[in-house]
Amino acid sequence: MSGLRNSGLAGAVAVAALMTLAGPSGAAVAATGGDGGGKHCTVRPNQQAVCFDTFAQAIADATNGAVRLPAGATTVTQRQLDAGAAARGFGANESTVIAVIYNDADFKGHSYTFVKDHGCDGDWGTVDFEEGNLRYFYDNTNFNWGDEIGSAQEYAGCHGIYYENSWFNTRKSGRTAESPWSGGWMDDEASSIRWV
């Protein structure tokens, strides 16, 4: 009889462990491995980043399952984000993707998706969000984001200002959502970001 109880307990523990590994979209969080798994991350305010094997999984997580991209997708459009939110009936204060940074030009390579509870207010005189030191950002492959951004896109009315050094020091790119940043003189230079 105790063997049956132990086997039932082991099964319950296994199910609980699987549920713990599932992100909001139901996709399993990628484990660290030598195959490059877990190089597409999402980060929300005051939470640890969650990393996945594909960009599509990361966007599904960032949007609480509202946007489902093809498995090989490397980018998402504002139209796709808006359609996903409308289909799920999200309000203005739901998960909002404000930016995606990539380590390679042309929106490829590792990605980091920034999720907030709202978009930017359109006032370029005020900072809506900021990340002061990208050297604190890692993915499951132990990739560090300091001086590694090769391209970036902004969403939800946000315009990114990418600074060469941590804590918004020295020159800045001034790239905006109307002109997505890919390569150029800030390639592998940015270590902090402000979104206005």
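Start at 1 with the first residue, then count along the sequence. Remember, it's a predicted structure, so these values are computed and weren't measured experimentally.
- Summarising the geometry, atom CD belonging to Glu130 is positioned 8.0 Å from atom CH2 belonging to Trp167; distances are rounded to the nearest 0.5 Å.
- In this structure, CD1 on Ile98 lies 11.5 Å from OH on Tyr155, to the nearest 0.5 angstrom.
- Contact check on Lys39 versus Glu148 returns no salt bridge, with no Lys/Arg side-chain nitrogen under 4.0 Å from an Asp/Glu carboxylate oxygen.
- For the atom pair CD of Gln153 and SG of Cys158, the computed distance is 13.5 Å after rounding to the nearest 0.5 Å.
- Between Ser111 and Phe55, the shortest heavy-atom distance links the atoms OG-CD1, 3.4 Å.
- In this structure the side chain of Val196 never reaches within 4.5 angstrom of the side chain of Asp123, judged on heavy atoms.
- Looking at Asn144, its side chain does come within 3.5 Å of a backbone N or O of Gly146 through a donor-acceptor pair.
- Side-chain atoms of His118 and Thr96 form no donor-acceptor pair, as typed in the model, at a separation below 3.5 Å.
- Annotation for Ser166 and Asn133: closest pair OG-OD1, 3.0 Å, computed over non-hydrogen atoms.
- No side-chain heavy atom of Cys41 sits less than 4.5 Å from a side-chain heavy atom of Phe52.
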Decide side chain to side chain contact (heavy atoms under 4.5 Å, CB included) for Ser95 and Thr63; before the verdict, give the C-alpha distance in whole Å, the side-chain angles of both, and the deciding distance to 0.1 Å. CA-CA 6 Å; Ser95 293; Thr63 61; 5.9 Å; no
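- Considering all non-hydrogen atoms of both residues, Val67 and Leu81 come closest at CG2-CA, 4.0 Å.
- Distance alone, capped at 3.5 Å, places no donor-acceptor pair between the Asn103 side chain and the Gly150 backbone.
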Could you walk me through whether Phe143 and His110 pass the ring pair (Phe, Tyr, Trp, His ring centres under 6.0 Å) test, one step at a time? CA-CA 8 Å; Phe143 179 83; His110 297 242; 4.3 Å; yes
Give the C-alpha distance, both sets of side-chain angles, the deciding distance and a yes or no for ring pair (Phe, Tyr, Trp, His ring centres under 6.0 Å) between Tyr136 and Trp145. CA-CA 8 Å; Tyr136 294 144; Trp145 280 94; over 10 Å; no
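- We find the CG-OG1 distance between Asp104 and Thr74 to be 10.5 Å, quoted to the nearest 0.5 Å.
- Between Cys51 and His40, every side-chain heavy-atom pair lies at or beyond the 4.5 Å cut-off.
- Between Trp124 and His159, the ring planes are tilted. Angles from 30° to 60° get that label.
- The backbone N or O of Gly38 lies less than 3.5 Å from a partner atom in the side chain of Asp53, making a donor-acceptor pair.
- For Ser151 (side chain) and Ser182 (main-chain N/O), no donor-acceptor pair under 3.5 Å exists by modelled atom type.
- A distance-only check finds no donor-acceptor pair linking the side chain of Gln80 to the backbone of Val76 [under 3.5 Å].
- In this structure, the separation between CD on Glu189 and OH on Tyr163 is 16.0 Å, given to the nearest 0.5 Å.
- A 4.5 Å side-chain heavy-atom check between Phe114 and Val97 finds every atom pair outside the cut-off.
- Under the 4.5 Å side-chain criterion, counting only non-hydrogen atoms from C-beta, Arg44 is in contact with Thr42.
- Checking Gln78 against Asp82 by side-chain atom types alone, a donor-acceptor pair falls below 3.5 Å.
- The backbone N or O of Val100 lies less than 3.5 Å from no partner atom in the side chain of Thr113, so there is not a single donor-acceptor pair.
- Note that CD1 of Ile161 and CD1 of Ile193 are 11.0 Å apart. Values are rounded to the nearest 0.5 Å.
- The closest side-chain heavy-atom distance from Thr77 to Thr75 is not below 4.5 Å.
- The aromatic rings of Tyr112 and Phe137 lie perpendicular to each other, with more than 60° between the two planes, well past the 30° mark.
- Cluster annotation: Leu134 is not connected to Tyr138 through the hydrophobic network of ILVMFWY side chains, with a link wherever side-chain heavy atoms come within less than 4.5 Å.
- Contact annotation: the side chain of Asp128 approaches that of Asp121 to within less than 4.5 Å [non-hydrogen atoms, C-beta and beyond].
- Annotation: cation-pi pair Arg194/Phe129 absent, no NZ/CZ under 6.0 Å from the ring centroid and within 45° of its normal.
- Here the closest non-hydrogen pair linking Trp195 and Ala99 is NE1-CB, 3.5 Å.
- Between the side chain of Ser192 and the backbone N or O of Phe168 there is at least one donor-acceptor pair closer than 3.5 Å.
- If you check the side chains of Asp147 and Ser191, you find a donor sitting under 3.5 Å from an acceptor.
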